[in-house]
Structures are given as C-alpha cells and as structure tokens.
Chemist: 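Before I ask anything, here is the structure I am working with.
Keep in mind that the numbers below use all heavy atoms, side chains included, and drop hydrogens, waters and symmetry copies.
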Amino acid sequence: MAEADCAGGEHTKIIGVVDLPRRRRTVALTGRTEFDGLPIPFWRFAAQCAAGERAQVRYLKSAGLWSPDSQALCANHDDLEFTTTWFQNAGLVLTRDEDLPDGDSPGMSWAMACRIADLMLSMLWPQVEAVAASIDARGLLTGDQAAELAGATNPPPHTRPD
C-alpha cells in the first residue's frame, strides 16, 4: 500500500500484485511492496501490513460483493504470519486478538493493527483507489509512480552510514 508507505516515511521501490504458485489456494494472488527507509514505529509497520487485507474487505463491501466466500478469501494469514515473525525478530509481541502482550513485553494486537489500518484507509481511500486502478492496468508500479498517483512524495532511499 504505497500511499500509506509514503505517508509512513519509507522509500517505496515497487508495489503491485503478483501471482503465487498455486498450492492449496483457490486464489493465487498477493500484494508485493518493496521499500527502503528509516525505521518506523512498530505499530505503524503492523498497520501497513494489515492494510492490504483491510482494503480488500472495504472494497468488496462497498461494491456489494461481500459474502462468506469472499470473507474467507480475505483472511490473508500470510500478512499476520509475516508481521508476527517481524515482531518476534524485533523483540516484540504481536497477539492475534484483543489481548495485549503480558507484563513488560512491548507489542500490540493484530486487531489493533487492523483498526489503525482501517483509519488510514478511511483517510486515504481515493488515493488507494487511484493506485489500485493503475496496478490493475499495469501490474507493478515503481514507488515514484504510486506516489504520484496518490499525490504524495516518495521519500528518498535511506542511506546507511559506512
């Protein structure tokens, strides 16, 4: 979701939709975003990870296409698993439901990440639709193309000190 990425501070390299090798999936597509930027707060990163799934839900509901089948297809556990692994590698905790991490463990819940993503999508929905339409037509976009469509600036790549 490059429009949220640009708003989040990362330099987005590429964004789009790609085919997955078909395994046990009925739909074999997923989002692809590559970015390089300064570290962002963990809660913002989690919300960006949840945003693709939440955008699908919002679009299907607004188009009158919401059904039990589409609900099952939108439950993208890959995003949750990726974010959980990222949190673990960063020494953080991501819980599935409303429960927050115990004691002194920093982190958040996936449910909270979804609520933040919903808020971001509400603020950026016209930009999301513009970028999505271009991705639908072209496949992959550069971060600069997505930022231009969203009326945003793609921050410069992060330069690491030597």
Side-chain angles (χ1 to χ4, degrees), residues 1-35 37 40-87 94-100 107-155:
M1 197 177 109
E3 49 287 325
D5 293 342
C6 293
E10 295 95 1
H11 170 77
T12 302
K13 296 178 183 180
I14 194 165
I15 182 169
V17 176
V18 294
D19 289 322
L20 292 173
R22 291 187 186 263
R23 290 188 287 250
R24 295 177 307 235
R25 301 174 188 264
T26 56
V27 176
L29 296 173
T30 191
R32 175 181 170 193
T33 304
E34 294 177 21
F35 59 88
I40 62 171
F42 68 84
W43 58 267
R44 187 179 296 160
F45 180 78
Q48 287 177 199
C49 291
E53 173 187 329
R54 304 305 300 161
Q56 280 182 303
V57 169
R58 181 181 174 127
Y59 170 76
L60 290 171
K61 286 182 175 181
S62 69
L65 300 172
W66 192 246
S67 69
D69 290 338
S70 63
Q71 182 177 7
L73 291 173
C74 285
N76 188 345
H77 300 293
D78 294 344
D79 291 334
L80 173 58
E81 291 169 13
F82 171 80
T83 310
T84 300
T85 300
W86 185 90
F87 264 56
L94 183 70
T95 61
R96 278 189 180 269
D97 299 315
E98 294 295 329
D99 296 332
L100 294 177
M108 66 188 296
S109 71
W110 184 248
M112 177 61 74
C114 289
R115 284 196 298 277
I116 296 168
D118 287 339
L119 178 60
M120 288 175 13
L121 289 167
S122 292
M123 294 185 309
L124 298 169
W125 193 247
Q127 294 91 330
V128 171
E129 289 184 312
V131 172
S134 187
I135 289 172
D136 191 39
R138 299 182 191 174
L140 294 175
L141 301 175
T142 67
D144 290 340
Q145 290 169 327
E148 184 178 337
L149 287 164
T153 301
N154 191 15

Chemist: Decide yes or no for Thr84 and Trp110: does some side-chain heavy atom of the first lie under 4.5 Å from some side-chain heavy atom of the second?
Modeler: no
Chemist: Pairs in or reaching into residues 55-75: which pass salt bridge (Lys or Arg N to Asp or Glu O under 4.0 Å), with residues at least two apart or in two chains?
Modeler: none
Chemist: Going by the rule side-chain hydrogen bond (donor to acceptor under 3.5 Å, both in side chains), which residues pair with Glu129 if we only count those two or more places apart in sequence or in a different chain?
Modeler: Trp125
Chemist: Which donor-acceptor pairs under 3.5 Å do side chains of residues 130-138 form with protein atoms, sequence neighbours excluded?
Modeler:
none

Chemist: Phe87: which residues meet the ring-ring contact (aromatic ring centres under 6.0 Å, His included) condition with it, sequence neighbours left out?
Modeler: Phe42
Chemist: I'd like to check the salt bridge (Lys or Arg N to Asp or Glu O under 4.0 Å) partners of Asp144; sequence neighbours left out, ordered by chain and number.
Modeler: none
Chemist: Trp86: which residues meet the ring-ring contact (aromatic ring centres under 6.0 Å, His included) condition with it, sequence neighbours left out?
Modeler: Phe45
Chemist: Where do Ala146 and Ile15 come nearest, in terms of heavy atoms and distance?
Modeler: CB-CG2, 3.8 Å
Chemist: Shortest non-hydrogen contact from Leu121 to Val128?
Modeler: CD2-CG2, 3.9 Å
Chemist: Taking only residues two or more places apart in sequence, or in another chain, which ones meet Leu119 in a side-chain contact (heavy atoms from CB on, under 4.5 Å)?
Modeler: none
Chemist: So which atom in Ile116 and which in Ala47 form the shortest heavy-atom distance, rounded to 0.1 Å?
Modeler: CG2-CB, 3.4 Å
Chemist: As a quick check of understanding, evaluate side chain to side chain contact (heavy atoms under 4.5 Å, CB included) for Asn154 and His11, giving each step before the final call.
Modeler: CA-CA 6 Å; Asn154 191 15; His11 170 77; 3.4 Å; yes
Chemist: Measuring from atom CG of Leu65 to atom CD of Gln56, what distance do you get when rounded to the nearest 0.5 angstrom?
Modeler: 12.0 Å
Chemist: Quick one: closest heavy-atom pair of Thr83 and Cys49, and the distance?
Modeler: OG1-CB, 3.0 Å
Chemist: Hey, what do you get for CD (Gln145) to CG (Leu140), rounding to the nearest 0.5 Å?
Modeler: 9.5 Å
Chemist: Give me the atom names and distance for the closest heavy-atom approach of Ala113 to Met108.
Modeler: N-CE, 3.6 Å
Chemist: Which pairs pass salt bridge (Lys or Arg N to Asp or Glu O under 4.0 Å) with one or both residues in residues 109-118, sequence neighbours excluded?
Modeler: Arg54-Asp118, Glu98-Arg115
Chemist: Could you please spell out the steps behind the side chain to side chain contact (heavy atoms under 4.5 Å, CB included) verdict for Lys13 and Thr142?
Modeler: CA-CA 6 Å; Lys13 296 178 183 180; Thr142 67; over 6 Å; no
